[in-house]
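Take a look at the structure below.
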Amino acid sequence: MTSHIAIVQGHPDPARHHLLHAMADAYAEAATAAGHEVRRIEVAKLEFPLLRTQEDFETGAFPPGLEQAREDMRWAEHWVFLFPLWHGTMPALLKGFLEHIFRPGFAMEYKKGGFPKRLLAGRSARIIVTMGMPVLLYRWYFGAFGVRSFEHSMLGLAGIKPIRESFYGLSFADEQRRSRWLDEMRDYGRRAR
Ligand SMILES: Cc1cc2nc3c(=O)[nH]c(=O)nc-3n(C[C@H](O)[C@H](O)[C@H](O)COP(=O)(O)O)c2cc1C
């Protein structure tokens with residue numbers, strides 16, 4: 001079955017090609033070759049201000065620089081997020097982007113006195129994170145809190161299910177291991193997972 005996939009590159013560096021970019025390329029190429037449709041969003045290359053007030057969140061003008069990204073995310077039924085772990089969570093640039101995307105009417109419909117309606121049900125997601133520390137340390141010692149809060153407070157709350165995660169620790173990663181990771185991306189891409 002053909003899937004619509006949005007790949008959101010959350011590495012804040014607009015200039016260099018990092019491992020996360022190679023991972024996104026591998027995922028996208030395999031997905032396209034398998035017949036899925038892919039749209040790509042490079043957050044580092046988008047122009048937008050940070051949200052500063054509740055009024056901005058609720059009724060402020062939506063940044064024109066994010067219109068296409070929001071449309072691509074609405075179009076997709078599977079979202080792939082890639083980001084480097086920065087201070088235990090996603091880089092601020094990606095969080096700033098998502099705060100706009102998740103404004104009322106897109107992810108949640110807020111009702112006075114009631115629980116917000118989830119608008120993203122039927123979609124799934126994969127979160128791909130690289131980190132300096134060993135993955136076991138992030139999972140077991142730090143409880144992966146930064147990624148958990150993204151999963152629960154943003155994606156899960158809006159109805160996205162399942163949410164899969166893939167963590168990669170760079171400290172002991174040689175060329176062979178990195179190339180295995182790219183194969184893993186191709187496998188996910190082929191299966192739109
Ligand atoms: C500002 C900053 C904060 C970081 N915080 C963490 C962290 O909390 N835990 C961790 O394991 N690695 C941390 N790192 C390492 C990055 O996760 C790692 O370098 C990145 O995943 C690899 O991508 P890159 O080198 O291609 O940018 C941090 C790096 C930077 C620049």
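These numbers come from the heavy atoms of this one structure, side chains and all, not from hydrogens, waters or symmetry mates. In this chain, residues are counted from 1 in sequence order. Each ligand, and each atom within it, is numbered from 1 in the order the structure gives.
- Geometric assessment of Arg126 against the ring of Trp79 yields a negative cation-pi assignment under the 6.0 Å and 45° thresholds.
- Judged by the 6.0 Å and 45° rule, Arg74 forms no cation-pi pair with Phe106.
- Ion pair Glu151/Arg164 not flagged as a salt bridge, since none of the NZ, NE, NH1 or NH2 atoms sits closer than 4.0 Å to an Asp/Glu carboxylate oxygen.
- The side-chain hydrogen bond (donor to acceptor under 3.5 Å, both in side chains) pairs that include a residue from residues 168-181 are Tyr168-Glu184, where partners are two or more places apart or lie in different chains.
- With respect to the salt-bridge test (charged N to carboxylate O, under 4.0 angstrom), the residues Arg40 and Asp25 qualify.
- At a 4.0 Å heavy-atom cut-off, the residues surrounding ligand 1 are His11, His18, Pro84, Leu85, Trp86, His87, Gly88, Thr130, Met131, Gly132, Met133, Leu170, listed by chain and number.
- Residue His11 is tested with Val43, Leu93, Thr130, Leu20 for a side chain to side chain contact (heavy atoms under 4.5 Å, CB included); the sole match is Leu20.
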